[in-house]
Every structure is written in structure tokens, then in C-alpha cells.
Amino acid sequence: FNVGVSTQMTPAPAPTYQRIENNFSVLLPDGRVFTGGGIQQTGFADPRFSYEVFRPPYFGFTRPRLLSVHDGAGGALETIGFEDSFQIDVGHSMSQPIARVVLIRVGAATRGFDYDQRYIELELGTGTWNGSQTIETIPITAPKDDLGPAGYYLIYAVQDNGSGVFIPSTGQFLRLF
């Protein structure tokens, strides 16, 4: 994705090493992508197991800060039920609104494919700002149980920087049941 030009895509740099077999990619909580694997067999240009970490272009922008996931009464949450109401506190600029809050299923890749991938956009309520207008509390509704299985997810707040570029916060682990 070409940052600032929302309609153009450019391939990311090629990986440093070929990973023919037993490869995987996993989204990390900070938004980087961990890729690894390989094959130990003669006849390949680089027969070894290796890994590398891809850092997407949005790392060059000021990112929103997902400060807490809570029940609205001050209690931090690590677990939520399907269709539960909860709140998040996000540090960001008022001029760059939170466009969406998403759950991304924690990676479980095997042989280059993750059969358990999920990206679930959550229903947002109208947020309220703290006195200094630097932290927004946003009411959220968890998804229905037909959108994804129970288990562990990363929750991200995604801001619109005003030029068609969407920038995620660092994620927090959350168990949905």
C-alpha cells in the first residue's frame, strides 16, 4: 500500500531468504509481521531455517495508543463474552478519529496457511473525551458468536489520518468466549 495514495498498491520488499516449506507469518501485537520457516535439504539456494520481521509503512506515522480495555466501571478486561458491552480508552488526536475497532484472531499457521484467520470489525458507540481531549473512551459491542470462534484475539483501534491512510494501534490480547 502506498501511504498517502489510498488507491495504489506496491509489493513489499521480497523476503531475505526463500522459505520453500514449513513457512508461516504471524501478526505481532505491535503490528509487525513475523515470518519464518524454510527447508533443510540440499539443492536449494539457501537450505536453512530462518526468520525475519516485516515492519509495515505505518510505523512512520504517529499511531493511536490503545490504553485499556475495561468494563466501564474501571475493571480491566482480558476476557469478554459474545455480544458483551465494554469500553476502550484510546490516546489519539481529535483530528484523526478512530474509524474502526477490530479483532484479529491470534495466528495459528501451518505449512504456509492459517486456517483460523479472522478479521472482525466491532460495533462502535459514540466516544467521549477526557478533560484535556487526549484520551477517548469508546463503547464497543462484542461480535455475535456466528462471526468467529471463541478463543484469543488481538484488539486494535484503527485511526483515519485524514488522507485515506488507516493506522492501527498496538494490539492487546483478549479472550472471546
Side-chain angles (χ1 to χ4, degrees), residues 1-9 12 25-35 53-108 114 116-177:
F1 174 73
N2 291 336
V3 176
V5 185
S6 62
T7 59
Q8 294 183 350
M9 300 290 277
S25 294
V26 176
L27 179 65
L28 300 175
D30 69 358
R32 293 175 300 156
V33 180
F34 179 87
T35 302
V53 178
F54 173 68
R55 190 179 163 123
Y58 53 71
F59 274 84
F61 288 88
T62 300
R63 296 172 67 192
R65 296 176 329 279
L66 182 56
L67 303 171
S68 67
V69 178
H70 56 91
D71 60 10
L77 295 176
E78 294 178 358
T79 302
I80 58 170
F82 289 106
E83 300 185 62
D84 278 0
S85 295
F86 63 100
Q87 296 179 350
I88 61 171
D89 291 334
V90 184
H92 69 100
S93 167
M94 286 184 79
S95 65
Q96 298 180 343
I98 298 302
R100 57 185 68 112
V101 174
V102 301
L103 293 177
I104 297 180
R105 181 83 164 166
V106 174
D114 186 349
D116 205 22
Q117 292 180 23
R118 298 285 189 281
Y119 171 94
I120 303 170
E121 285 193 34
L122 301 176
E123 183 181 324
L124 307 181
T126 302
T128 57
W129 289 86
N130 69 345
S132 62
Q133 297 187 335
T134 56
I135 299 173
E136 183 179 16
T137 299
I138 304 172
I140 308 287
T141 302
K144 294 181 179 184
D145 63 359
D146 61 353
L147 286 180
Y152 288 92
Y153 290 79
L154 284 163
I155 184 170
Y156 292 91
V158 183
Q159 112 186 342
D160 179 352
N161 81 346
S163 62
V165 177
F166 293 90
I167 303 166
S169 66
T170 295
Q172 289 188 19
F173 286 101
L174 193 62
R175 186 171 70 90
L176 182 63
F177 71 97

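We use all heavy atoms of the structure for the numbers below, so side chains are in, but hydrogens, waters and symmetry mates are not.
The structure places CD1 of Ile120 at 13.5 Å from CD of Glu123, a figure rounded to the nearest 0.5 Å. In this structure, the separation between CZ on Phe54 and CZ on Phe59 is 9.5 Å, given to the nearest 0.5 Å. Atom-to-atom distance recorded for Ile155:CD1 and Phe86:CZ is 4.0 Å, nearest 0.5 angstrom.
Listed by chain and residue number, Arg32 satisfy the salt bridge (charged side-chain N to carboxylate O under 4.0 Å, His left out) test with Asp30 (two or more places apart in sequence, or in another chain). Residues that satisfy the side-chain hydrogen bond (donor to acceptor under 3.5 Å, both in side chains) test with Ser93, not counting sequence neighbours, are Ser95. For Phe34, the ring-ring contact (aromatic ring centres under 6.0 Å, His included) partners are Phe24, Tyr51, not counting sequence neighbours. Residues forming a side-chain hydrogen bond (donor to acceptor under 3.5 Å, both in side chains) with Ser132 (at least two apart in sequence, or on another chain): Asn130, Thr134. In terms of the salt bridge (charged side-chain N to carboxylate O under 4.0 Å, His left out) criterion, Arg63 has no residue partners (sequence neighbours excluded). Remark: Glu121 engages Arg100 in a salt bridge (charged side-chain N to carboxylate O under 4.0 Å, His left out) (not counting sequence neighbours). With sequence neighbours left out, Gln133 forms a side-chain contact (heavy atoms from CB on, under 4.5 Å) with Met94, Trp129.
Applying the side chain to side chain donor-acceptor pair (under 3.5 Å) test to every pair with at least one member in residues 71-82, sequence neighbours left out, gives no pairs at all. For residues 63-84, no residue pair satisfies the ring-ring contact (aromatic ring centres under 6.0 Å, His included) rule, not counting sequence neighbours. Residue pairs meeting the ring-ring contact (aromatic ring centres under 6.0 Å, His included) criterion with at least one member in residues 139-158: none, sequence neighbours excluded.
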Donor-acceptor pairs are to be reported for all side-chain atoms of residues 135-146 against protein atoms at under 3.5 Å, with residues two or more places apart or in another chain.
from, atom 1, to, atom 2, distance (Å)
Glu136, OE1, His92, NE2, 2.7
Thr137, OG1, Asp89, OD1, 2.6

Side chains of residues 167-177: which donor-acceptor pairs under 3.5 Å do they make with residues two or more places apart or in other chains?
from, atom 1, to, atom 2, distance (Å)
Ser169, OG, Ala157, N, 3.0
Ser169, OG, Ala157, O, 3.4
Gln172, NE2, Leu66, O, 3.0

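Residues Asp84 and Leu77 form no side-chain contact, since every pair of their non-hydrogen atoms from C-beta on lies 4.5 Å or further apart.
Ser25 approaches Thr35 most closely through the heavy-atom pair OG-OG1, 3.1 Å.
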